[in-house]
Amino acid sequence: MALLTKAPRGMQDILPKDVSRWQQMEEMLRLTAEVYGFGEIRTPTLEHTELFARGVGEGTDVVQKEMYTFAAKEDSPSLTLRPEGTAGVVRAALENNLLADALPQKLYYFTNCYRYEKPQAGRYREFHQFGIELLGSPLPYADAEVIALGQSVLDTLGIKDVTLEINSIGCPQCRPAYHKALKAYFESRRDALCPTCQERLTKNPMRILDCKNKECIAIAKDAPVGLDYLCGECTDHFATLKELLTSCQIAFTVNPKIVRGLDYYTKTVFEFVTQSIGAQGTVCGGGRYDGLVEELGGPSTPGLGFAMGLERLLLVLAAQKEDRFAPEDGCDLYIVTMGDAATKRAAVLAHLLRQNDYAVETDLMNRSLKAQMRYANKIGARYTMVLGENELATGAAQLKEMATGETTPVDLNLTFLEDISNKLDQPHREEFENMIGDILDDILRENESSQYLQ
RNA sequence: GUGGGUAUAGCUCAGUCGGUUAGAGCGCCAGAUUGUGGCUCUGGAGGCCGUGGAUUCGAAUUCCACUAUCCACCCCA
């Protein structure tokens, strides 16, 4: 095991046996987002460091200690691997004048994100997000639509045991008063707080509400509630959102303790949380960020969005018993060969069938018949066909359905195949291919239709 | 950044009080009257016991350091 090196810490390979789960999940997410009127945007993995410093917030943990920041050359600008998706999308929207178009702008994206953290269950240094951003609407209808999309996505994926928690953290008008009240409350009880919370007292008192320490929970229980300090506009906004969610029959609980760790959030914040995958149970997190666009140099424009952690979604699905994204075996036909002549012809036949969209495999290892059969069984081939001296001589072969063991005779014009091998580059190639495709067409018809089911 | 657990075959793990050729199951490869998979049986390949030190006649086993990994805190998706 003297490997030269391994994947960087907290980063993982996605292997063929797992990749179909990703693909199916991504496809469902795309469809749902597009039903809600969102269009995909793709932005660079790297951004100028100041985008995140300003957008996410200088004081946040993400910016202070979790970013991969570097300069490619000595005096080139500082770049950062994106730790989240929103800042880059908003930057792209501004740079490409998307906000000059009809509003709202509704964007969705898949990104790989990077945070230099200590890995644990559901937390990686490279992770993948599906996210959406809705730019331009200040109204709670937008909040409701975004949350509804989040719920809809989870439903479509069949994710259970997830609860929606919402809160409002107010706007720049009403938040200072709350902070002041909160600080005063905890300051008077400072000695009873745990050490980390004593630090939080100066840094971010709202975080104390989230502490899991027993004493802190007891103290926080009677702390001022942020919702009581909202200004009139924020109160109305939140009330309308709750009304809309209720009307849409989207279950939620108001959790005054939800405080997001990124500075750009205002008013509505929400999380979809699960208990089934360990301590990192937030499967989707988001909220409103009415000040962000302006902060990045754009016109004053409200917005909101969310991000889902794809690894966490898959963890939840794995924790549920049924595996709805189980990979399907992809081999329609395995051609077992015996002898050089048959192997060469099988290669040509496989080539032609593949060009007619059949998944065909044949021996590349010079293995025995028995070994080839075993292999065909292992990869889940639906049919096998032995090609040996007898078949070459008679032009007749047996097609075996692996699930049942039944065989049916196939008439293979082997002379014809031989001609094909010489004419692959000739003008009539397509005609020949089609004829060969027809040979197994009726036998494989069932599988053809099943290819398009999902 | 803080704390705890773990590190033996491709995978999941045994390995006694330190004792000489290092074990199982699964997986992989190959056979079981010579052209048909799954089940069963038999055999085979595959290990610097994470790395480096220390103790000892002798270390997978004890001690130290490092690294990796897992879990939790923190933070977040």
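Every chain is numbered from 1 and lettered A, B, ... according to where its sequence line falls, protein lines coming before strand lines.
Residue contacts shown for A/F130 are absent, as no nucleic acid heavy atom lies under 4.0 Å away. Among the heavy atoms of the strands lying under 4.0 Å from A/G278 are primed sugar atoms or P, OP1, OP2 only; no base atom is included. Across all strands shown, A/G286 has no heavy atoms under 4.0 Å from either base or sugar-phosphate atoms. Nucleic acid contact for A/Q280: base, since at least one base atom lies under 4.0 Å from a heavy atom of the residue. Using a 4.0 Å heavy-atom cutoff across all strands shown, A/V336 reaches no nucleic acid atom at all. Using a 4.0 Å heavy-atom criterion, one finds that A/A403 contacts the bases of the nucleic acid, with or without backbone contacts as well.
Comparing A/Q129 and A/P119 along RNA chain B, the residue whose closest nucleotide (by nearest heavy atom) sits nearer the 5' end is A/P119. Both A/L310 and A/Y116 sit near RNA chain B, but only A/Y116 has its closest nucleotide nearer the 5' end.
B/U2 and B/U12 are spaced 31 Å apart, taking the C1' atom of each and rounding to whole Å.
For A/F252, the CZ atom counts as densely surrounded, since its 6.0 Å shell holds more than 12 non-hydrogen atoms of other residues, nucleotides or ligands.
Within the 4.5 Å cutoff, the side chain of A/L333 has no heavy atoms near those of the A/Y358 side chain.
The base of B/G35 is paired with the side chain of A/E391 by a donor and an acceptor separated by under 3.5 Å. If you check distances only, the side chain of A/K118 never reaches the base of B/G1 with a donor-acceptor pair under 3.5 Å.
In this structure, A/R9 reaches the B/U69 phosphate: one of its side-chain N or O atoms is under 4.0 Å from OP1 or OP2. Listed pair A/Q120 / B/A72 meets the phosphate criterion, a side-chain N or O lying under 4.0 Å from OP1 or OP2. Considering only side-chain N and O atoms, A/R367 lies under 4.0 angstrom from the phosphate OP1 or OP2 of B/C29.
At a non-hydrogen distance threshold of 4.0 Å, A/M373, A/R374, A/N377, A/K378 from residues 372-380 of chain A come into contact with RNA chain B.
Checked for salt-bridge contact, A/E47 and A/R91 meet the test: a charged N lies under 4.0 Å from a carboxylate O. Note on A/E34 versus A/R30: no salt bridge recorded, every NZ/NE/NH1/NH2 to OD/OE distance being 4.0 Å or above.
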Would you write out the dot-bracket form of RNA chain B, 5' to 3', with Watson-Crick and G-U pairs under 3.5 Å, [ ] for crossing pairs, | for pairs to other strands and . for unpaired bases?
-> (((((((..((((.....[...)))).(((((.......))))).....(((((..]....))))))))))))....
